[in-house]
Amino acid sequence: MAIEVINEIKDQIEGGNNFLLSGGAGSGKTNTLMQVLDLIYDMNPKVNVACITFTNVAADEIKHRAKYDKLEVSTIHDFLWKSIKNYQNDLKKSLVALIEQEKTEETTGIKYSGEIDINEEYLCDKEINYKDYKKIDDGILSHDEVLKISNYMFKTYPLLCDILKDKYDYILIDEYQDTEKQVIDIFLEYLPKSSNKKNVIGFFGDTMQSIYGNRIGDLQNYIMKGSVKEITKDDNWRCSKTVISLLNKIRTDGIQQERKIKPDEVDKDLNGSAKFMYSNADTINIEDIKKHKIFEDWDFTDFAETKELYLTHNLIADKAGFGDIFKIYNNDEIIKHVKKIKRKLKDENCLADIEDKTFGEVLDLKIVNQANNFNKFISENSILFENAKPILFEKLTRIYLDSDQLIGDNRDKFITHLLKIQERLHLYNSNQVNEFVKKADYKISSVDDKKKLKECIETLLSMKEQTIQEVINFADDKNIVKKDDDFNNFVKENTYIYDRVKQLPFKEIIKLYNFEEDLTPYSTQHGIKGAEFDNVFVILDNGKWNKYNFKYLFEETSDKESIIERTKKMFYVCCSRTKNNLVVFYYKPSDIVLDMARYWFKKDNLIGVNQ
């Protein structure tokens with residue numbers, strides 16, 4: 001199979017065609033990427049190849065495995081920035097244009113809320129730079145802005161496309177399904193429309209593992225148009241045979257995997273297990289369920305090899321140690337009540353009565369006062385309530401709070417700022433000083449500078465019981481993490497949230513960071529993509545998240561196709577993390593759910609438990 005796949009890719013390369021290597025979980029797509037590099041350089045050692053990855057970790061792995069001096073390996077952000085950074089005049093024009101565009105079409109341009117008029121004259125004596133933070137006043141762009149301005153420049157300046165095609169004969173993109181559409185547009189929309197010169201774009205990934213809503217997901221439109229040729233890989237080098245059997249039933253795109261045997265696995269039992277547990281008890285306790293004999297050989301304290309997966313974070317937060325900040329983001333009573341008040345006023349055609357009124361003044365209105373039903377919350381949170389009363393009511397209504405803004409790719413700028421602080425502490429504390437200096441933009445030019453830095457870090461490490469605000473101010477003062485545009489804009493527009501969070505101990509951020517970096521036994525089903533473990537325990541609970549529904553998935557409910565597709569991909573990703581033993585738990589399944597479970601898992605692998 002490996003030879004056949006490489007030969008198919010070779011045919012596409014020789015024909016000058018773009019290609020997509022599609023392979024299921026554990027198929028060895030990165031290994032195939034290495035083989036494609038060998039193929040390309042064997043065909044012509046003088047060609048120029050760029051290999052783009054989604055993360056620094058993946059880029060480092062490819063650099064380590066592919067020993068070619070001419071090969072350029074980088075993250076997508078670094079690659080795009082390198083492609084545009086030398087064209088400063090065009091960069092400045094593009095930045096100004098995108099700031100103006102955002103004023104009329106929100107989320108399409110680059111947001112700037114400062115007092116300065118950012119125009120070409122203001123930027124003329126500044127250099128546009130890319131850092132780990134955004135500060136438009138100083139010409140500094142961060143990650144999101146680099147993607148937007150790159151898309152704009154490649155679309156606006158065809159010569160930039162020609163330069164890129166002249167520079168690289170091949171561009172290989174790993175984990176393509178996690179790449180944003182605005183990036184794919186550069187390679188498949190803008191590049192072909194410039195000069196007649198051709199280069200080959202190669203994609204590697206799996207549409208079934210596309211679980212992020214704002215990413216490209218698949219290339220079906222380009223495959224149907226013939227601009228990308230799809231090649232499939234049916235190997236699985238990771239999962240036990242029983243788990244692969246389950247995965248093959250979940251997939252409906254034609255990819256049916258077989259377990260491939262590594263040299264050191266010749267005498268190893270690769271059958272593994274895949275069990276479906278369920279309970280119809282009135283109440284359940286997952287900790288009690290984990291005492292079942294089926295788990296007797298599992299070590300849930302060994303989070304490198306055993307994982308417990310949930311769809312939502314609310315059952316994880318307290319266990320992992322960031323419960324207080326999670327409660328703010330997940331269930332803030334004042335913000336919830338503000339939304340209810342506005343809906344009531346709208347229904348009564350009274351919105352004009354609250355114009356320019358504070359939250360406290362709105363609460364005094366008779367129509368609102370009569371509907372006030374959160375007195376218990378007020379009495380238990382009197383200080384918080386008093387702090388919220390002077391805030392303009394309309395400003396509070398614009399606040400959006402959700403646990404997604406705390407954890408994952410969509411986290412807000414405030415939490416991003418806090419995690420930057422802990423990330424840099426972690427880098428320094430784990431002796432990754434060069435990476436720390438690069439991210440912190442910290443200047444070290446003498447022994448005294450090193451000594452001062454050491455003292456700063458030691459102080460910050462000792463501040464875990466102090467408030468988040470104290471840590472933010474200290475990190476800013478010592479140039480560890482500066483308060484940038486994103487942070488300042490957030491505080492300005494979301495004073496209420498900032499006031500709630502800033503008084504929490506910084507240890508909540510430490511625990512949140514540990515969770516995000518997979519340093520706990522728990523994970524969300526989004527959070528384990530790309531990982532693998534000996535034992536995986538999946539709890540199928542929608543957590544009141546209407547984007548997913550495991551009941552719809554197992555019952556194949558009609559008119560719910562988009563939710564089913566999203567849930568199926570999530571379920572596939574979870575199950576495919578398993579190297580050996582998988583247990584899936586479902587609470588109170590219907591007969592239809594059990595019928596599907598019997599088909600997917602086989603009858604003998606269904607286990608009913610009572611508590």
Side-chain angles (χ1 to χ4, degrees), residues 1-6 21-35 61 65 204-206 208-209 232-277 290 292-309 518 521 523 525 528-540 568-585 596-607:
M1 173 58 73
I3 295 174
E4 292 175 7
V5 167
I6 292 299
L21 188 280
S22 288
S27 62
K29 292 182 289 295
T30 301
N31 188 56
T32 302
L33 191 154
M34 297 298 107
Q35 293 175 311
E61 181 185 353
R65 294 174 63 176
F204 299 77
D206 179 16
M208 274 297 286
Q209 297 183 67
T232 59
K233 193 168 190 281
D234 296 330
D235 302 338
N236 189 312
W237 299 86
R238 173 195 299 158
C239 305
S240 59
K241 292 179 180 179
T242 305
V243 171
I244 292 173
S245 177
L246 169 65
L247 300 179
N248 286 341
K249 292 174 183 175
I250 297 171
R251 292 193 82 115
T252 56
D253 60 355
I255 292 181
Q256 295 291 287
Q257 294 182 302
E258 289 184 24
R259 182 59 159 90
K260 297 300 178 181
I261 301 175
K262 303 171 189 174
D264 62 347
E265 295 178 331
V266 174
D267 299 320
K268 186 178 178 181
D269 180 3
L270 301 177
N271 287 316
S273 64
K275 307 289 187 183
F276 182 90
M277 294 184 74
K290 284 158 58 177
H292 191 278
K293 63 180 181 180
I294 198 173
F295 297 113
E296 61 186 359
D297 294 326
W298 292 36
D299 181 2
F300 282 97
T301 65
D302 180 8
F303 51 79
E305 290 299 343
T306 301
K307 277 295 177 188
E308 187 175 332
L309 308 182
D518 203 26
S523 181
Q525 293 160 13
I528 41 73
K529 188 172 173 292
E532 57 182 42
F533 310 95
D534 272 345
N535 307 303
V536 175
F537 181 31
V538 184
I539 292 85
L540 298 186
K568 180 181 288 188
K569 288 181 177 181
M570 182 66 68
F571 186 53
Y572 178 86
V573 167
C574 290
C575 296
S576 63
R577 301 309 94 198
T578 312
K579 291 190 289 184
N580 195 9
N581 302 305
L582 168 70
V583 176
V584 172
F585 179 78
M596 180 60 80
R598 290 186 188 98
Y599 166 67
W600 275 348
F601 291 82
K602 296 184 180 178
K603 181 179 178 180
D604 293 343
N605 292 317
L606 269 61
I607 302 171

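Atoms considered below: every heavy atom in the structure, side chains included; atoms not considered: hydrogens, waters and symmetry mates.
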What's the separation between atom CD in Glu308 and atom CZ in Phe533, rounded to the nearest 0.5 Å?
12.5 Å
One should read off an interatomic distance between Phe204 CZ and Ser27 OG, to the nearest 0.5 angstrom, of 11.0 Å
CG of Leu582 to OG of Ser240, rounded to nearest 0.5 Å, is 8.0 Å
Got a donor-acceptor contact below 3.5 angstrom from the Lys29 side chain to the Gly24 backbone?
yes
Verdict with reasoning, Asn31 to Arg65, per side chain to side chain contact (heavy atoms under 4.5 Å, CB included)
CA-CA 9 Å; Asn31 188 56; Arg65 294 174 63 176; 3.2 Å; yes
Look up atom NZ in Lys233 and atom CG in Asp206, then write down how far apart they are to the nearest 0.5 Å.
12.0 Å
Checking Lys260, Arg238, Arg259, Lys241 against Glu265 for salt bridge (charged side-chain N to carboxylate O under 4.0 Å, His left out), the one that qualifies is Arg259
What's the verdict on salt bridge (Lys or Arg N to Asp or Glu O under 4.0 Å) for Asp253 and Arg251, showing C-alpha distance, side-chain angles and the deciding distance?
CA-CA 6 Å; Asp253 60 355; Arg251 292 193 82 115; 2.7 Å; yes
Is the closest side-chain heavy-atom distance between Val5 and Gln35 below 4.5 Å?
no
Considering non-hydrogen atoms only, spot the tightest contact between Cys574 and Val538 and give its length.
CB-CG2, 4.0 Å
The ring pair (Phe, Tyr, Trp, His ring centres under 6.0 Å) partner of Trp600 among Phe571, Tyr572, Phe276 is Phe571
Would you verify whether the NZ or CZ of Lys290 falls within 45 degrees of the ring axis of Phe537 while also being under 6.0 Å from that six-membered ring's centre?
no
Closest heavy-atom pair, Thr301 versus Asp299, reported as atoms and distance to 0.1 Å, is OG1-OD1, 2.5 Å
Between Thr242 (side chain only) and Ala274 (backbone N and O only), is there a donor and an acceptor less than 3.5 Å apart?
no
Does the plane of the ring in Trp298 sit parallel, tilted or perpendicular to the ring in Phe295? Use 30° and 60° as the thresholds.
perpendicular
Interatomic spacing from NZ in Lys249 to SG in Cys575 - rounded to 0.5 Å
12.5 Å
Atom CG in Asn581, atom OG in Ser273: separation rounded to 0.5 Å?
3.5 Å
Between Glu305 and Asp534 (side chain of the first, backbone of the second, donor and acceptor by atom type, cut-off under 3.5 Å), is there such a pair?
yes
Heavy-atom distance under 4.5 Å between the side chains of His292 and Val583, does that happen here?
no
When Met208 is tested against each of Val573, Ile250, Leu247 for side-chain contact (heavy atoms from CB on, under 4.5 Å), which residue passes?
Ile250
Hey, does the side chain of Asn248 reach the backbone of Gln257 with a donor-acceptor pair shorter than 3.5 angstrom?
yes
Are Asp264 and Lys262 within salt-bridge range, i.e. N to O under 4.0 Å?
no
